[in-house]
Amino acid sequence: MDSDFMRLALAEAQKAAELGEVPVGAVVVLDGEIVATGFNQPISRSDPSAHAEMVALRAAAGKLGNYRLPGCELYVTLEPCIMCAGAIMHARLARVVYAATDPKTGAAGSVINPFEDRRLNHHTEVVGGVLAEEASQMLSAFFSERRRQQKAARDVLSG
């Protein structure tokens with residue numbers, strides 16, 4: 001079941017890529033039903049908080065009429081950052097499932113892990129690595145293309 005919801009998150013990530021955003025997608029699920037989806041939009045929204053997780057959490061909270069999302073699960077294609085980890089914990093999500101790890105800003109174990117800090121009052125279950133290869137390939141292809149475009153632009157400028 002995790003892989004089915006992660007495939008939907010990957011489809012959301014593709015929407016981000018099509019807008020020139022880093023391809024990260026998220027899906028919020030409650031009792032096996034999709035509540036909300038989201039994809040990265042910080043560039044297009046001029047909003048540093050418009051990560052896929054934040055977009056999906058906001059939509060889920062609006063749909064359910066509560067800023068707390070007890071019993072909900074979040075599927076996201078990239079390990080959450082510290083901002084998103086904080087929002088996940090404040091929303092009281094039961095579980096977060098992510099695909100690819102983020103060795104630079106990952107806040108579910110790669111760099112730091114507030115989810116394991118027993119001093120905090122909410123403890124979200126974390127599962128990583130679901131469809132990690134697919135998510136990693138999408139991210140790698142995106143950044144490879146971005147580097148190619150930047151090099152082409154520099155080449156044009158240098159004449």
Side-chain angles (χ1 to χ4, degrees), residues 1-29 33-63 69 72-91 93 95-116 124-159:
M1 195 71 155
D2 284 349
S3 59
D4 293 336
F5 289 123
M6 190 61 74
R7 285 187 210 297
L8 295 172
L10 286 165
E12 289 296 307
Q14 184 59 42
K15 293 176 185 177
E18 290 167 4
L19 291 175
E21 302 273 4
V22 175
V24 180
V27 175
V28 176
V29 175
E33 299 292 324
I34 296 170
V35 175
T37 62
F39 56 88
N40 259 9
Q41 299 173 58
I43 297 167
S44 57
R45 288 189 178 187
S46 297
D47 179 356
S49 71
H51 289 194
E53 300 96 311
M54 301 295 281
V55 172
L57 290 175
R58 285 181 186 123
K63 183 172 184 180
L69 302 171
C72 286
E73 300 173 304
L74 175 72
Y75 293 82
V76 60
T77 59
L78 183 64
E79 180 181 1
C81 70
I82 189 66
M83 173 184 68
C84 294
I88 288 164
M89 289 187 287
H90 282 290
L93 290 178
R95 187 167 177 253
V96 61
V97 179
Y98 68 89
T101 58
D102 186 345
K104 293 183 179 180
T105 64
S110 289
V111 178
I112 61 171
N113 194 348
F115 296 107
E116 288 185 346
T124 301
E125 177 188 349
V126 177
V127 176
V130 175
L131 300 183
E133 186 62 32
E134 290 91 330
S136 294
Q137 286 176 356
M138 185 180 289
L139 287 159
S140 293
F142 174 83
F143 285 113
S144 177
E145 177 61 17
R146 180 177 273 179
R147 285 188 299 274
R148 187 198 64 72
Q149 290 172 349
Q150 288 171 341
K151 181 184 181 313
R154 282 192 307 272
D155 290 348
V156 167
L157 290 175
S158 64

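In this chain, residues are counted from 1 in sequence order.
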For [Y], does its backbone N or O pair with a side-chain atom of [X] as donor and acceptor, under 3.5 Å?
| X | Y | value |
| --- | --- | --- |
| T77 | A99 | no |
| E21 | I43 | yes |
| S158 | R154 | yes |
| Q41 | H51 | no |
| N40 | P23 | no |

Closest non-hydrogen atom pair between [X] and [Y], with its separation:
| X | Y | result |
| --- | --- | --- |
| L10 | M138 | O-CE, 3.6 Å |
| V22 | A16 | O-CB, 3.6 Å |
| M54 | A87 | SD-CB, 3.4 Å |
| A59 | A36 | CB-CB, 3.6 Å |
| P114 | A85 | CG-CB, 4.0 Å |
| C81 | A107 | C-CB, 3.5 Å |

Taking the side chain as every heavy atom from C-beta outward, state whether [X] and [Y] have any pair of such atoms under 4.5 Å apart.
| X | Y | answer |
| --- | --- | --- |
| I82 | V111 | no |
| E53 | M83 | no |
| V126 | Y98 | yes |
| V76 | V96 | yes |
| L74 | V97 | no |
| V35 | V29 | no |

Next on the checklist: Quick one, L93 with E125, criterion side-chain contact (heavy atoms from CB on, under 4.5 Å). Give me CA distance, side-chain angles, the key distance, then yes/no.
Outcome noted: CA-CA 8 Å; L93 290 178; E125 177 188 349; over 6 Å; no

Return the [atom1] to [atom2] distance between [X] and [Y], rounded to the nearest 0.5 Å.
| X | Y | atom1 | atom2 | value |
| --- | --- | --- | --- | --- |
| F39 | E18 | CZ | CD | 9.0 Å |
| Q137 | L131 | CD | CG | 11.0 Å |
| I34 | E73 | CD1 | CD | 12.0 Å |
| R147 | Q149 | CZ | CD | 11.5 Å |
| L139 | E134 | CG | CD | 12.0 Å |
| C84 | L57 | SG | CG | 7.5 Å |

Item to check | Partners meeting ring pair (Phe, Tyr, Trp, His ring centres under 6.0 Å) with F5 (sequence neighbours left out) | outcome: Y75

Checklist entry - Excluding sequence neighbours, so at least two apart, what forms side chain to side chain donor-acceptor pair (under 3.5 Å) with T105? => result D102

Checklist entry - Under 3.5 Å, is there a donor-acceptor pair linking the side chains of E79 and S110? => result yes

Item to check | Exceeds 12 heavy-atom contacts within 6.0 angstrom, atom CD of E33 | outcome: no

Checklist entry - Would you call D2 and R7 a salt bridge, taking side-chain N to carboxylate O under 4.0 Å as the test? => result no

Next on the checklist: If you apply the rule salt bridge (charged side-chain N to carboxylate O under 4.0 Å, His left out), what do you find for E145 with R148, and how did you get there?
Outcome noted: CA-CA 5 Å; E145 177 61 17; R148 187 198 64 72; 2.6 Å; yes

